[in-house]
Amino acid sequence: MSKEIGITVKKNEDFSEWYTQVVIKAQLTDYAPVKGLIVLRPYGYSIWEFLKSSIDQKLKATGHENGFLPVLIPESLLSKETTHFAGFTPEVFWVTHSGDAEIGDRLALRPTSETLAYSMYSKWIKSWRDLPLKINFWNSALRAEIKSTKPFLRTSEFLWQEGHTVHATPEEAEGEVMTILDIYRKTVEEELAIPVIVGKKSEKEKFVGAVYTTTMESIMPDGKALQMGTSHFLGQNFSKPFDVKFLDKQNIETFAWQTSWGVSWRLIGALIMVHGDDKGLILPPRVAPIQAVIIPIYSSQSDKEAVLKKANEIKEVLAKRGFRIHVDSRDEFTPGYKFNDWEMKGVPLRIEIGPKDLAKNKMVLVRRDSLKKSDLSFEAAEDGIAHMFDEIQVDLFEKAKKLLNERTKNIADLSQFKKEMETGMFLSSPWCGDQKCEEKIKEDTGADIRVIPFDVKRSNAPCIVCGKQSKTDAMFARGY
RNA sequence: GGGACCGUAGUCUAGCUUGGUCAUGAUGCUAGCCUGGGGUGCUAGAGGUCGCCGGUUCAAGUCCGGCCGGUCCCA
């Protein structure tokens with residue numbers, strides 16, 4: 001009947017439209033009245049909460065604390081580090097009035113908080129004893145997106161965390177950069193079941209103001225690469241203009257070494273794109289707000305009571321073990337409707353309990369990812385379902401890994417490069433290190449250097465653009 | 001940055017070319033019944049500044065302009 005309730009396009013036929021429908025119809029988000037802004041609905045927000053708590057725990061375990069920064073940054077402060085300012089200024093929202101009165105030093109809605117944080121840090125840090133200082137901020141950032149906004153991937157305001165740390169030595173700061181990148185990688189691979197490639201950004205693509213930027217990248221099913229998180233080594237680029245210095249053990253005044261890093265709700269976008277199918281979302285059990293939904297099936301009143309009783313019993317058993325279970329006892333919908341509804345919302349596992357099951361002392365399990373059905377006795381519920389969650393989590397990761405592998409190739413020849421890039425690929429190719437070659441290939445093919453992997457395998461072939469001796473191989477792709 | 005398209009009840013939509021009982025249908029919603037292992041059926045009911053502002057006209061959902069919002073494609 002009314003197919004409009006569900007997803008009306010196929011993922012591999014109209015990817016963009018599919019994505020838009022999934023985020024809206026699965027009730028993750030809705031459009032706000034202002035261009036480029038979205039509202040997170042509870043279902044979407046709870047996914048963010050799982051991500052947040054997973055990252056937060058890891059940050060705390062590695063000695064970070066949370067703080068809070070205000071959203072307004074005076075222009076005089078934002079403009080202190082000039083390349084940083086020049087990089088961000090085109091997309092800054094400005095507050096120019098308070099009431100009717102014009103504000104002299106207009107206020108930026110933070111595009112990122114380096115400048116504000118470091119102006120504070122310079123007051124707080126006096127001695128080597130004050131270091132390291134490792135503070136993380138859960139907040140939102142605002143960057144005006146004039147064109148082509150897309151929920152979670154490109155919005156004018158986004159939820160994220162930004163970490164800002166200060167260290168006495170460059171070695172320690174660089175260690176921090178890697179610690180964080182590893183936390184990000186683990187979170188994305190283990191919770192979201194998305195494999196990533198970690199490495200460095202090129203000079204052209206690094207964070208404005210950083211010495212270098214490390215990144216994790218993955219490829220989406222439409223062949224576009226997505227930056228999933230970055231961790232920057234700032235060196236003394238900010239500590240000098242912001243006067244973040246300390247007296248070291250030898251009583252010498254020294255500028256500190258800094259890092260900054262962040263991941264945003266863009267990860268939710270990746271989650272949707274990588275795992276979803278024609279029926280809608282598919283959530284990995286670790287981040288699913290509802291891990292299993294129980295659909296009671298009955299016709300007579302007496303069946304109804306018995307079935308619901310059993311359903312709630314099973315729910316209790318599983319909830320005790322910490323699983324997030326929902327019994328869909330809505331009376332106004334048929335089981336078939338509910339099946340489709342929860343499939344669209346990506347709940348990893350469906351449990352059906354009806355009179356036939358009560359008679360046989362078992363329930364029917366249906367996996368969201370494979371749609372495979374199996375039986376499980378009520379007694380075995382706890383372990384059986386725990387095991388199934390693990391299996392789904394692993395299978396989703398393996399499937400995503402296969403996608404990444406299929407879309408990744410080593411190419412040393414330019415004409416072949418152009419041909420492959422047309423199909424949406426992640427291409428590892430030799431590069432001389434010259435920014436001109438990087439720009440040339442961007443012009444010709446639309447592809448950027450997404451990442452120079454830490455574990456890059458050197459081909460030692462000539463640069464794919466200019467033919468000179470290559471310095472490294474780099475991963476090229478068109479990006480989001 | 002360049003281009004194409006769209007905006008009518010919660011949702012999807014007819015009507016726009018050729019201005020005039022044209023606000024259409026479905027779904028959803030509410031109530032009551034029926035049904036229930038893959039998007040059930042019946043009956044009744046509520047729900048609309050036709051995105052906003054202005055213009056043309058005796059008359060604008062329909063024509064014109066501006067604005068707001070959204071989608072897609074290319075760089």
Side-chain angles (χ1 to χ4, degrees), chain A residues 1-11 13-27 29-39 41 90-91 144-156 222-224 278-280 293-308 310-311 327-345 347 350-360 362-368 371-376 418 421-422 424 438-448 477-480:
Chain A
M1 284 297 281
S2 62
K3 291 288 181 211
E4 303 82 40
I5 308 171
I7 310 301
T8 59
V9 294
K10 293 199 183 310
K11 188 182 181 186
E13 283 173 10
D14 190 348
F15 189 75
S16 285
E17 172 67 17
W18 171 87
Y19 178 84
T20 307
Q21 285 195 18
V22 169
V23 294
I24 301 290
K25 291 185 174 179
Q27 300 187 352
T29 181
D30 205 350
Y31 292 106
V34 178
K35 185 179 180 59
L37 300 184
I38 58 169
V39 175
R41 303 182 67 173
E91 47 192 22
E145 294 289 349
I146 301 123
K147 285 204 68 176
S148 59
T149 60
K150 208 176 241 314
F152 296 119
L153 300 176
R154 186 166 295 147
T155 49
S156 289
D222 63 346
K224 284 190 197 166
D278 290 346
K279 284 169 169 282
V293 62
I294 302 178
I295 313 286
I297 292 156
Y298 49 79
S299 48
S300 71
Q301 191 61 30
S302 59
D303 280 348
K304 176 178 174 178
E305 278 166 28
V307 164
L308 278 177
K310 194 64 186 177
V327 177
D328 186 354
S329 56
R330 290 178 294 178
D331 216 17
E332 66 273 30
F333 294 118
T334 59
Y337 181 96
K338 293 176 185 177
F339 297 165
N340 285 286
D341 192 36
W342 292 111
E343 277 164 1
M344 189 164 69
K345 288 181 175 155
V347 172
R350 178 171 85 235
I351 302 171
E352 302 173 18
I353 301 177
K356 292 180 216 164
D357 304 295
L358 292 184
K360 291 188 221 158
K362 55 100 185 162
M363 52 200 165
V364 176
L365 305 185
V366 186
R367 283 172 57 152
R368 173 61 182 91
L371 298 173
K372 281 194 185 119
K373 290 192 180 187
S374 56
D375 290 341
L376 185 67
K418 288 178 177 169
M421 196 52 76
E422 282 309 309
E438 201 178 349
E439 281 160 6
K440 179 82 169 59
I441 210 149
K442 168 84 178 170
E443 248 172 64
D444 292 353
T445 67
D448 299 305
R478 291 174 182 159
Y480 263 95

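What you see is a predicted model; the values in this text were computed from it and never measured. Just so we're on the same page: letters track the sequence lines, and every chain starts at 1.
Rounding to whole angstrom units, CD of residue E332(A) and P of C29(B) are separated by 7 Å. If you take CG of D331(A) and P of A31(B), they are 12 Å apart, rounded to a whole angstrom. Nucleotide U40(B) holds its P atom 11 Å from the CZ atom of F339(A), rounded to whole Å. Between the C1' atom of C73(B) and the CZ atom of R478(A) lies a distance of 13 Å, rounded to the nearest Å. Atom-to-atom, CG of D30(A) to P of G10(B) comes out at 13 Å; the value is rounded to the nearest Å. Taking atom OH of Y298(A) as the reference point, atom C1' of U35(B) lies 11 Å away to the nearest angstrom. Remark: C1' of U35(B) and NZ of K304(A) are 13 Å apart, rounded to the nearest angstrom. Nucleotide G37(B) holds its C1' atom 15 Å from the CD1 atom of I351(A), rounded to whole Å.
Taking atom C1' in both U27(B) and U71(B), the straight-line distance is 22 Å, to the nearest Å. Taking atom P on both G39(B) and C22(B), the two are 39 Å apart, rounded to the nearest angstrom. One C1' atom belongs to U40(B), the other to C34(B), and the distance between them is 9 Å to the nearest Å. For U11(B) and C16(B), the C1' atoms lie 22 Å apart once the distance is rounded to whole Å. If you take atom C1' in A23(B) and the same atom in A60(B), they sit 13 Å apart, rounded to whole Å. A gap of 14 Å separates the P atoms of G15(B) and U8(B), to the nearest Å. A distance of about 10 Å separates the C1' atoms of G28(B) and C12(B), rounded to the whole Å. Comparing the C1' positions of C50(B) and A14(B) gives a spacing of 13 Å, expressed to the nearest Å.
With no hydrogens or angles considered, a side-chain donor-acceptor pair links Y480(A) and D222(A) at under 3.5 Å.
Here the side chain of T20(A) is nearest to one of G37(B), G39(B), C72(B), namely C72(B). Residue P335(A) places its side chain closer to G36(B) than to any other of U71(B), G36(B), G38(B). In the set G37(B), G39(B), G69(B), G69(B) carries the atom at the smallest distance from any side-chain atom of K35(A). For I297(A), the listed nucleotide lying nearest its side chain is G37(B); candidates were G38(B), G37(B), U40(B). Taking the side chain of K279(A) as heavy atoms from C-beta on, and the options U71(B), G38(B), G39(B), the nearest nucleotide is G38(B). Taking every side-chain heavy atom of N340(A) into account, G39(B) is the closest of G39(B), G37(B), C72(B). Considering only the side chain of K150(A), C72(B) comes nearest among C72(B), G37(B), U71(B).
Judged by Watson-Crick or G-U wobble contacts below 3.5 Å, the nucleotide C72(B) has G3(B) as its partner. Searching all strands for a Watson-Crick or G-U wobble partner of C33(B) with both distances below 3.5 Å returns G41(B). Pairing for C63(B) goes to G55(B), judged as Watson-Crick or G-U wobble with the two contacts each under 3.5 Å. Base-pair partner of C16(B): not found among the strands shown (Watson-Crick or G-U wobble, both distances under 3.5 Å). With a 3.5 Å ceiling on both atom-pair distances, the Watson-Crick or G-U wobble partner of A26(B) is U11(B).
One donor-acceptor pair, N or O on each side, does fall under 3.5 Å between the base of G38(B) and the side chain of E343(A). For G37(B), its base never sits under 3.5 Å from the side chain of R350(A) at any donor and acceptor pair. A donor and an acceptor atom sit less than 3.5 Å apart, one in the side chain of D357(A) and one in the base of G37(B).
Residue-to-nucleotide proximity on RNA chain B shows that, of E352(A) and K442(A), the 5′-proximal contact is made by E352(A). Position along RNA chain B of the nearest nucleotide to Y31(A) versus S299(A) favours S299(A) as the more 5'-ward residue.
A cation-pi arrangement is present between R350(A) and F339(A), with the terminal nitrogen or guanidinium carbon under 6.0 Å from the aromatic centre and inside a 45° cone about the axis.
At the heavy-atom level, G446(A) lies nowhere under 4.0 Å from the strands shown. Residue K338(A) is out of contact with every strand shown, counting any heavy-atom pair closer than 4.0 Å.
A sub-4.0 Å separation between OP1 or OP2 of U35(B) and a side-chain N or O of T334(A) is absent.
The CD atom of E439(A) sits 11.0 Å away from atom NZ of K442(A), with the distance rounded to the nearest 0.5 Å.
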